[in-house]
Undergrad: 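The structure follows.
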Amino acid sequence: MPELPEVEVTRRHLAPAAVGRTVVRAVIVRARMARRNARPGDVAERLAGRRVLGMGRHGKFLVGELEGGLRWVMHLGMSGRIRIAGPAEPHDAHTNFWASMEGGREVRMVDPRTFGFVAVWTPEEWDASTMVDLGPDALDDLPPVGGLVGRLAGRTGPIKALLLDQRLLAGLGNIYADEVLARAGVHPARPAGSLSGAEVEAIHGAIGPVLAAGIQHGGTSLDDLAYLLPDGRAGEYLDRLRVYGRPGQPCFTCGAPIERIVVAQRSAHYCPSCQPR
DNA sequence: ACCTCCCTGGCC
DNA sequence: GGCCAGGGAGGT
């Protein structure tokens, strides 16, 4: 399930394959993937013949800069991944979009559940999209701890729900939110406004190291292998997760069994001893 | 601040 | 055969 680290790893592979190159041809295989364009046909039409000037990321969104002020936006949703391959390599199942780049290589989007999308937006369409509601990028633009304290003050919702809210901070998903709270020693269901300054500081301080470690290990490929690196390798952060996906197994710090509860309609994993309520 | 929907592979 | 996983949009 691609979150900030998986998307960043993807971006680092995608950039050299795409930046400075012209899109020769783009194909939407599954119409639903282009649903975020008012006219879905615009996606392939606008990509064709355009040079990619840059490939950035905001939270979980890949954002390519195209000639003519257009932006090429991709989100991997739950089950999506980017695959970069030679044209002769067979398409993986559920290759719902592909673009052949100048030089011959193909950028392919594989996404069985089709929660992801690919869009090409004008500046006006970008401004009308939810992209402008995204909070600062959790890795590249993490606000100082004081800013976080201010935005959590008075909030009654569980801290985990706020960490997942992309309008507050962009990039954390279910895995890394659990890992950040584990590292910070904060229970996921704690009302955000009830956290002490020291606790907010611990959360703030955990975000960078958790995300950086995820990136360093190529992201988290779960057993379903829905997420893979663009070259087909699996990310290896799974082995280093402290709490996510480990219910009933011993906490690495104290040995207490990890618990799983539901917070904000999502599974939450934590150590009941290291993260007291 | 909640809830529902979208979608499919994998698992019980 | 049915349920679960879940990011984000849209609704109430």
Side-chain angles (χ1 to χ4, degrees), chain A residues 1-8 10 28-38 40 57-63 73-82 91-97 109-119 121 125-135 137-138 151-181 188-194 211 214 219-228 234-235 238 241 243-248 260-269:
Chain A
M1 43 205 69
E3 304 180 23
L4 192 157
E6 291 79 37
V7 179
E8 175 60 15
T10 297
I28 298 284
V29 179
R30 190 152 168 183
R32 179 177 147 79
M33 295 303 283
R35 66 192 179 282
R36 297 286 297 273
N37 263 84
R57 181 191 56 72
H58 189 163
K60 307 174 194 177
F61 294 79
L62 286 163
V63 182
V73 182
M74 287 176 279
H75 195 289
L76 302 176
M78 253 303 291
S79 56
R81 58 188 161 90
I82 298 285
H91 281 199
D92 293 353
H94 306 292
T95 299
N96 298 331
F97 161 83
M109 190 182 299
V110 178
D111 184 7
R113 280 174 238 180
T114 67
F115 280 21
F117 71 88
V118 52
W121 286 330
E125 288 166 339
W126 171 278
D127 289 341
S129 79
T130 54
M131 296 300 297
V132 296
D133 297 324
L134 287 179
D137 185 80
R151 299 186 71 167
L152 297 181
R155 302 289 297 261
T156 56
I159 180 61
K160 170 130 185 229
L162 294 183
L163 290 180
L164 292 175
D165 186 343
Q166 304 296 298
R167 294 169 301 184
L168 181 77
L169 211 54
L172 294 178
N174 208 37
I175 298 175
Y176 295 94
D178 277 359
E179 294 301 308
V180 164
L181 290 170
R190 287 278 305 285
S194 78
L211 294 177
T220 305
S221 294
L222 301 179
D223 294 337
D224 63 6
L225 297 183
Y227 161 75
L228 296 171
L238 176 66
L241 296 177
V243 290
Y244 183 88
R246 300 190 60 247
R260 178 191 185 278
I261 58 173
V262 173
V263 175
Q265 287 83 242
R266 296 286 180 263
S267 66
H269 311 75

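Predicted model, so just to flag it, every value in this text is computed and none were measured. In what follows, every chain begins at residue 1, and chains take the letters A, B, ... in the order their sequences are listed.
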Undergrad: Less than 4.0 angstrom between a side-chain N/O of A:R36 and OP1 or OP2 of B:dC6, yes or no?
TA: no

Undergrad: Ignoring the backbone of A:Y244, work out which of B:dA1, C:dA9, C:dA5 is nearest its side chain.
TA: C:dA5

Undergrad: Roughly, in whole Å, what's the span from CG in A:N174 to P in C:dG8?
TA: 11 Å

Undergrad: Rounded off to whole Å, could you give me the CZ-to-P distance for the A:R35 and C:dA9 pair?
TA: 9 Å

Undergrad: How are the rings of A:F61 and A:H75 set relative to one another: parallel (under 30°), tilted (30 to 60°) or perpendicular (over 60°)?
TA: perpendicular

Undergrad: Rounded to whole angstroms, how far apart are CG on A:D133 and C1' on C:dG8?
TA: 12 Å

Undergrad: With centres under 5.5 Å and planes under 30° as the test, does A:F115 stack with C:dG8?
TA: no

Undergrad: Establish, with yes or no, whether the OP1 or OP2 oxygen of B:dC7 is under 4.0 angstrom from a side-chain nitrogen or oxygen of A:T114.
TA: no

Undergrad: I need the CD-C1' distance between A:Q265 and C:dG8, as an integer number of Å.
TA: 13 Å

Undergrad: Starting at CE of A:M131 and ending at P of C:dG7, how long is that distance when rounded to a whole Å?
TA: 16 Å

Undergrad: Provide, to the nearest angstrom, the distance between the CD atom belonging to A:E3 and the P atom belonging to C:dA5.
TA: 15 Å

Undergrad: How many Å lie between CG on A:L164 and P on B:dA1, as a whole number?
TA: 14 Å

Undergrad: About how many Å separate CD1 of A:I82 and OG1 of A:T10, when rounded to the nearest 0.5 Å?
TA: 6.5 Å

Undergrad: Charged N to carboxylate O below 4.0 Å: is that the case for A:R57 and A:D137?
TA: yes

Undergrad: Just by distance, do the side chain of A:E3 and the backbone of A:N174 share a donor-acceptor pair under 3.5 Å?
TA: yes

Undergrad: At under 4.0 Å, does any side-chain N or O of A:K60 touch on OP1 or OP2 of C:dG7?
TA: no

Undergrad: Using a 4.0 Å heavy-atom cut-off across all strands, classify A:F61 as base, sugar-phosphate, or nothing.
TA: sugar-phosphate

Undergrad: Taking only side-chain nitrogens and oxygens of A:R30, does any of them come within less than 4.0 Å of OP1 or OP2 of B:dC6?
TA: no

Undergrad: Applying side chain to side chain contact (heavy atoms under 4.5 Å, CB included), name anything that partners A:Q166, two or more places apart in sequence or on another chain.
TA: A:K60, A:L134, A:A170

Undergrad: Using a cut-off of strictly less than 4.0 Å, decide whether A:S267 has a side-chain nitrogen or oxygen near OP1 or OP2 of C:dG6.
TA: yes

Undergrad: Please check the phosphate of B:dC7 (OP1 and OP2 only) for any side-chain N or O of A:H94 closer than 4.0 Å.
TA: no

Undergrad: What nucleotide, of B:dG9, B:dC3, C:dG7, holds the atom closest to the side chain of A:H75?
TA: C:dG7

Undergrad: One thing to verify: whether A:D111 and A:R30 come together as a salt bridge, which I'm taking to mean a side-chain N less than 4.0 angstrom from a carboxylate O.
TA: no

Undergrad: Is the phosphate of C:dG6, meaning OP1 or OP2, less than 4.0 Å from a side-chain N or O of A:R113?
TA: no

Undergrad: Taking atom types as they are modelled, is there a donor-acceptor pair under 3.5 Å from the base of C:dA5 to the side chain of A:R266?
TA: no

Undergrad: Nearest nucleotide by nearest heavy atom, which residue falls closer to the 5' end of DNA chain B, A:P112 or A:G154?
TA: A:G154

Undergrad: Using atom CG of A:D223 as one end and atom P of B:dC12 as the other, report the distance to the nearest whole Å.
TA: 11 Å

